[in-house]
Protein chains: 2
Amino acid sequence: MPEQLPGHRPTLEAVAERAGVSRATASRVVNGGDGVRAHLVEKVREAVLELGYVPNPAARTLVTRRTGAVAVIIAEPEIRIFSDPFFSRQIRGISKELTAHDTQLVLLLVEDRGDYDRIERYLAGGHVDGALAFSLHTDDPLPAITRRVGMPTVYGGRPGWTAGSGEHGGIAYVDADNRGGAREAVRHLLDRGRRRIAHIAGPLDQTSAVDRLDGYRDVLLDADPALIAEGDFTATGGAEAMAALLERCPDLDAVFAANDLMATGALRVLRERGLAVPADVALVGFDDAELVAETADPPLTTVRQDIEGMGRLMAQLLLRTLNREQGDRAVPASVVTPTALVRRGSS
Amino acid sequence: MPEQLPGHRPTLEAVAERAGVSRATASRVVNGGDGVRAHLVEKVREAVLELGYVPNPAARTLVTRRTGAVAVIIAEPEIRIFSDPFFSRQIRGISKELTAHDTQLVLLLVEDRGDYDRIERYLAGGHVDGALAFSLHTDDPLPAITRRVGMPTVYGGRPGWTAGSGEHGGIAYVDADNRGGAREAVRHLLDRGRRRIAHIAGPLDQTSAVDRLDGYRDVLLDADPALIAEGDFTATGGAEAMAALLERCPDLDAVFAANDLMATGALRVLRERGLAVPADVALVGFDDAELVAETADPPLTTVRQDIEGMGRLMAQLLLRTLNREQGDRAVPASVVTPTALVRRGSS
DNA sequence: CGGGAGGCTGAGAGCGCTCCCGGCGAACGG
DNA sequence: CCGTTCGCCGGGAGCGCTCTCAGCCTCCCG
């Protein structure tokens with residue numbers, strides 16, 4: 001590519017002049033070249049290359065009312081956000097899909113509740129065409145905001161308050177089959193002959209945690225409530241929950257943890273107490289988190305979900321909505337992706 | 001905030017009309033209100049509120065030639081990117097600082113080498129005012145790109161090829177005092193009476209790994225080369241390196257790992273071999289990674305760096321550069337932040 | 001009381017692009 | 001050979017904003 005010319009960047013006007021055509025024709029070529037005779041297309045392309053022309057996105061946005069950018073809103077006040085590989089992989093999937101469609105990713109991190117004003121102003125300002133948001137908690141103000149400013153939004157993870165469609169059209173989301181995956185995990189433990197199967201749940205203000213707990217209960221209809229402890233999706237939380245469970249039910253012979261991080265915490269506590277995994281206690285996690293599940297000792301049996309694929313799906317859903325005609329108000333259907341049990345040494 | 005009005009968003013023109021002033025005056029008020037009489041300011045502010053006016057960023061950018069956005073380029077093809085808490089915390093710091101200055105964060109993930117063309121086009125397109133980039137490898141094409149398109153850039157971590165100032169002005173970066181921190185770690189092990197101190201280095205195409213190795217050598221001038229093994233900053237890599245070290249030097253009595261993730265891998269191998277930490281082998285890590293160093297068993301002695309602060313610093317440096325007058329070509333000075341040894345149970 | 005200075009305001013140009021629409025030439029049918 | 005259609009191109013308006021500059025009005029000083 002040519003060096004930046006001194007002074008200002010070349011404009012479409014300059015390209016047109018050099019190619020000996022009008023600005024309109026130059027614009028047509030830059031945007032695909034339909035309806036322009038071949039030799040003119042060629043001339044304009046040359047001029048673009050020679051001048052090192054790059055379209056000015058602001059000018060383009062001003063008239064098309066499209067920014068070619070999408071906001072990714074992460075409203076997780078905790079450190080988890082990135083350190084949980086879950087988010088990183090989902091973002092990676094999103095990024096790939098957006099990139100493939102020449103769309104930019106604007107990252108909006110929410111630190112505290114006051115930030116929501118900023119988010120609202122930002123979305124209302126028309127900086128982006130749509131938004132992707134994650135794992136809402138039950139009282140999250142985000143849906144109200146996106147609705148108010150009319151911003152097309154796709155959520156990652158089923159939102160808390162809407163089982164079906166809300167009052168004003170449903171909300172689009174992409175989620176894994178948490179409940180089904182949990183069922184499979186527990187059934188697997190039953191198949192292994194386990195009878196006192198405990199569950200370390202995630203924070204129950206998140207639907208993924210609730211769904212996994214529900215899946216556990218689906219299979220263990222008469223489960224002893226003492227066999228259920230709530231964690232917070234971190235290793236430390238998992239360890240604490242495990243300790244509490246052992247206190248209450250020393251006879252347990254299996255644990256289904258709602259994610260792999262908590263499973264590793266549980267693993268540590270079990271080892272400390274001299275309990276062998278899986279001989280004394282079988283353990284199953286959830287997520288198949290890289291650098292965690294496989295490298296655990298013993299490697300974790302876990303429920304895999306295609307996290308990166310879910311990210312891609314979120315982006316696809318959003319982009320499809322954005323590319324619909326203006327009048328078309330239909331909300332895209334939500335998608336639930338399948339899970340799969342991965343058997344390793346811990347069960 | 002008022003609901004989105006039917007049809008189009010209100011423009012500055014509409015605000016001006018409603019307030020009974022000219023568009024110019026309305027603009028002045030929206031941008032701070034200097035030099036406008038108080039009662040007019042009041043009137044315009046009211047009109048803004050009543051109409052729910054939000055400035056159109058594209059129009060503004062078109063004339064000011066400022067986008068109010070900064071690119072964060074992450075060119076780490078590995079999974080590490082986010083799962084290494086290092087990046088997440090740095091991004092968090094960056095995000096905080098940018099938010100405080102009303103600047104947006106555009107995330108650019110580089111998946112493979114072909115992506116660099118896309119990055120170059122993006123930067124050349126003037127979508128952003130500046131860029132922040134991370135941990136360059138020695139042959140990274142990024143510096144050439146940012147220079148070519150004249151994009152102000154601050155790097156996280158000292159770039160590989162430029163010890164001092166390059167041919168055309170130096171490159172601004174923010175880095176921790178890796179070498180000094182490493183020296184302190186090794187001295188600490190010496191103070192504990194250790195004499196056969198091994199080092200698990202990071203990938204030596206990254207300057208942070210090189211600097212930490214150099215710090216190790218600064219203190220152990222006559223270190224046995226067999227005591228040094230190269231890892232890759234992951235737990236698995238650390239485990240492999242540890243195994244290799246034990247193979248070569250069964251008599252080692254201490255290990256300084258170039259990061260905490262590798263230290264945990266080493267820890268696992270040591271335990272497997274029946275070696276007690278710190279009784280048989282003392283262990284020191286680097287980073288003070290959350291959810292890793294403190295929760296390890298035993299908790300890791302490690303070298304803490306203020307990662308989030310480094311992120312903030314990167315953003316500050318960049319913003320300062322951007323707010324300089326156009327003519328001022330000076331590159332901001334790079335910053336090296338201090339480290340501190342945190343003593344825990346592993347040494 | 002006149003003149004100059006200085007503070008506010010408004011008119012208007014213009015940022016770089018897209019897209020509507022009118023015109024023009026070629027092609028084709030009668 | 002003329003009228004009509006159709007494909008292609010250029011002129012020009014306009015997206016919403018900022019900013020310069022000229023003009024006005026007030027105030028102060030001589």
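The figures here come from the full heavy-atom set of this structure, side chains too, leaving out hydrogens, waters and symmetry mates. The sequence lines fix the lettering, A, B, ..., with proteins before strands; numbering per chain opens at 1.
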Between atom [atom1] in [X] and atom [atom2] in [N], what is the gap in whole Å?
X	N	atom1	atom2	answer
A:Leu62	D:dG14	CG	C1'	9 Å
A:Lys43	D:dC9	NZ	P	13 Å
A:Arg9	C:dG16	CZ	P	9 Å
A:Glu13	C:dG14	CD	P	13 Å

Short side-chain N/O contact from [X] to OP1 or OP2 of [N], under 4.0 Å:
X	N	answer
A:Thr11	C:dG16	no
B:Ser27	D:dT18	yes
B:Arg65	C:dG16	yes
A:Asn31	C:dT18	yes
A:Arg28	D:dC9	no
A:Thr25	D:dC9	no

Exercise for review: Starting at CE of A:Met310, measure out to CE of A:Met314 and round the result to the nearest 0.5 Å.
Suggested key: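 Interatomic distance, A:Met310 CE to A:Met314 CE, rounded to 0.5 Å: 8.0 Å.
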
**Study point:** Donor-acceptor contact below 3.5 Å, side chain B:Arg9 vs main chain B:Val54
**Key:**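 Here the side-chain-to-backbone pair exists.
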
Exercise for review: Please lay out, stage by stage, how A:Glu46 and A:Arg18 fare under the test salt bridge (charged side-chain N to carboxylate O under 4.0 Å, His left out).
Suggested key: CA-CA 9 Å; A:Glu46 271 172 26; A:Arg18 185 173 191 106; over 6 Å; no

**Study point:** A:Glu17, CD atom: more than 12 neighbouring heavy atoms under 6.0 Å
**Key:**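 No, CD of A:Glu17 has 12 or fewer neighbouring heavy atoms, counting only those of other groups under 6.0 Å.
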
**Study point:** Distance-only donor-acceptor test, A:Arg23 side-chain atoms vs C:dT18 base atoms, 3.5 Å
**Key:**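 Such a pair is found, so the answer is yes.
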
Check your understanding: Relative to the 5' end of DNA chain C, which residue comes earlier, B:Val63 or B:Ala24, by the nucleotide with the nearest heavy atom?
Key ->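 Looking at DNA chain C, the more 5' nearest nucleotide goes with B:Ala24.
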
